[in-house]
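These notes are about the structure you will find just below.
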Number of protein chains: 2
Amino acid sequence: MDGGVGAKKPGVTSSQVAEHAGVSQSAVSRTFTPGASISSKTRAKVLASAKELGYRPNAIARSLITNRSRIIAVVMAYLENLFYPDVLEELGRRLAAEDYHLLLFTGFMDRDSDPVFDQLMQYRVDGIILASTSLSSDLSEECATAGIPVVLFNRTTQRDAVSSVTTRNRDGGRKIAEFLVAGGHKSFGYIAGLESSSTNRDRFLGFAEGLQAHGFTDIALGKGNYSRLDAEAAARDMLSGPNRPEAIFVANDHMAVAVMDVARHEFGIAVPEQLSIVGYDDVGPARWTSYGITSMSQPLKKMVEATVDILMDQITSGEIEAEHRILSGELVVRTSARLPKTGVVDIDGRKLYRPKDTA
Amino acid sequence: MDGGVGAKKPGVTSSQVAEHAGVSQSAVSRTFTPGASISSKTRAKVLASAKELGYRPNAIARSLITNRSRIIAVVMAYLENLFYPDVLEELGRRLAAEDYHLLLFTGFMDRDSDPVFDQLMQYRVDGIILASTSLSSDLSEECATAGIPVVLFNRTTQRDAVSSVTTRNRDGGRKIAEFLVAGGHKSFGYIAGLESSSTNRDRFLGFAEGLQAHGFTDIALGKGNYSRLDAEAAARDMLSGPNRPEAIFVANDHMAVAVMDVARHEFGIAVPEQLSIVGYDDVGPARWTSYGITSMSQPLKKMVEATVDILMDQITSGEIEAEHRILSGELVVRTSARLPKTGVVDIDGRKLYRPKDTA
DNA sequence: AATTTTCTTGCATACGTATTCAAATCTGGC
DNA sequence: GCCAGATTTGAATACGTATGCAAGAAAATT
């Protein structure tokens, strides 16, 4: 299937437009270069000819000379979790607004992101957004020396030269602990995401801290790996044990929904009467009334905005200094967990957990 | 934010590698061109130097000379419906396997796909996949004259020069009608997708035909526009009326889930005891046990495979002749609709509706 | 060993654009 | 109508690669 000989029509070039308009090729180029020195008269001539011939500047050729592709690579290994499609959609909007384009890498196992990386580099992308995958250390270093900005989305790392955008996952985990303790729960479980992800670690850390502050040190653990199937299995395990926890914090909503399905329909457990479930992300299905998952929200639009901001900054300045933006979410209260006596407030039609004593 | 002067590191060129290896630039090029005439000895030398210098062929420059970008544009206005992220993931896999890359356009209103089109053309993409948006007639024509293959995914059109991949939506609609009639339902409703979409038209057409064959000509109608919010509104309307239908066919699962939520939680209607709901796509949430939507499946992987096949064919042959691939789905039976006495069979753990009398 | 045939190789050129530089044109003030 | 200055213009070049062509090297044939 390679080496095809199909002839694509050559396409109109700036020289052809130039000839048709009776000007030089430079003039055509300048017409389509914002801020270039060109008189309105010749500009008009060129535009007329361009329209007549159906000319469009060749972005490929332009990239070659400017050394700017105006392409941002977005790497998302999987899109199963609706959070990421939402991110993608917003990224599409924001990048388009900046006149950038989105080269998507998806549909591969998390492990083999390295071959993907080769492709990235070949297209001389102007920036890289890593959303549901990581990058081996030498690769991120290679980006740095190549002068390509890299932003981790919803995860972080210690390496310098790699920026990140996250929310206060540790605070979030702690807040969820507070909420569940205030709700009178006495035993707890945690169903984890990918254990290698910083986000998962931080959420658990905060959760454990928050519980410990009230004297609870025992947490039932399950491994969900951010995957629906794994989360289901973990839930079965946790719920069938002799001492089933009264409350489970699931590392994200995508898995929380699965856990709730297992609890209700496989075990006949009433949620929230017999079991409280709290998730993270506040993603679409969490809001659907069948689930109504109480969940820490992540300010998706602001996160995307920050991501694009960082990229644009680094691209225009040429300075690649790691920048870490950390945003805050809210604990959105719905019906999947028993409520505390106080602390739930109504704001703009959303119920949020905002206790007096905590920050 | 434009006109930045940030200096991206130049990057290693083939000439530099050539010099380092003591060969000509041509030799370097041939080393990285599969099937080119090069001795294994010099090839080895080049590869060694390339590795040492960290050389990667510049895809941009290559595109300029070959007139092939190895980029496929994928246009998906919205990703709210999980069906499309799933498609995207599979597309990512398949295109990567063919050594093609995916330039994604998303996050804009369906109407303004025309500015998007300009961008497409500037990058000289080798093919275009239109998944959740259409293209105005003159634009598809322009693609044809430019020699760029276009494939409509999950919708179709009469224009020649534009290929399409769909399933037998009309048959699907008819089968759903048969299923509901066999289930003993006497009154019916339809909640539509975007009225301009061929897919929506065909599904409704088949549904109406199937009902008519059994003497039912009255169908309650609602407009869901493939949007969750609109579907909810349509459901409220349809369910609060004086003669609420016993069975509703919702044009896709994304909306069916919303309709079910409204029925159960806003109206307290028992599904399927008091109301049957059937959807289309067999997408993730339809399978979740809280919903268990009975749904016509679309063979996503085969659809994507066909799409990529068509593109590769047309790219390599240079012949852009419209090709229309039409695949078949199955009616996957779950718990959202009352069952007919006969015709539901168990295959590979899935329950399918396969009545004896129909094809 | 001489000759033909097949492989390799380097040179030169082309792809379509942006940009430098010097020449040409225009502007306004006298 | 003349000159300094500002603006506009075109010629030439560069970006990094692929490829036709002719020459050279190696292999195969006689």
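Note on naming: letters A, B, ... go to the chains in the order of the sequence lines (proteins, then strands), and numbering restarts at 1 for each one. Values in this document were obtained by computation on a predicted structure and should not be read as measured data.
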Residues passing the side-chain contact (heavy atoms from CB on, under 4.5 Å) test with I65(B), sequence neighbours excluded, are none

When rounded to whole Å, the CZ to P distance for the pair R70(A) and dT17(C) reads 17 Å

Note to self: Less than 4.0 angstrom from a charged side-chain N to a carboxylate O is my criterion; do E98(B) and R94(B) meet it?
What the structure shows: no

Given protein heavy atoms under 4.0 Å, the one-letter contact record of nucleotides 8-20 of chain D, with B base, S sugar-phosphate only and - none, is simply BBBBB-BBBBBBB

Checking side-chain polar atoms at under 3.5 Å, does T13(A) have a donor or acceptor matched by the opposite partner on Y55(A)?
no

For E90(B), is there an ion pair with R93(B) - N to carboxylate O distance below 4.0 angstrom? yes

For residues 21-32 of chain A, the side-chain hydrogen bond (donor to acceptor under 3.5 Å, both in side chains) pairs (sequence neighbours left out) are S14(A)-Q25(A)

**Study point:** R124(A) (side chain) donor-acceptor with M121(A) (main chain) under 3.5 angstrom
**Key:** yes

In short, the helix from dA1(C)-dT30(D) to dC30(C)-dG1(D) is bent end to end, axes from five pairs each side, to 10°, by 30°

Those residues at least two apart in sequence (or on a different chain) that pass side-chain hydrogen bond (donor to acceptor under 3.5 Å, both in side chains) with R325(B) are E323(B)

Residues passing the ring pair (Phe, Tyr, Trp, His ring centres under 6.0 Å) test with Y123(A), sequence neighbours excluded, are H101(B)

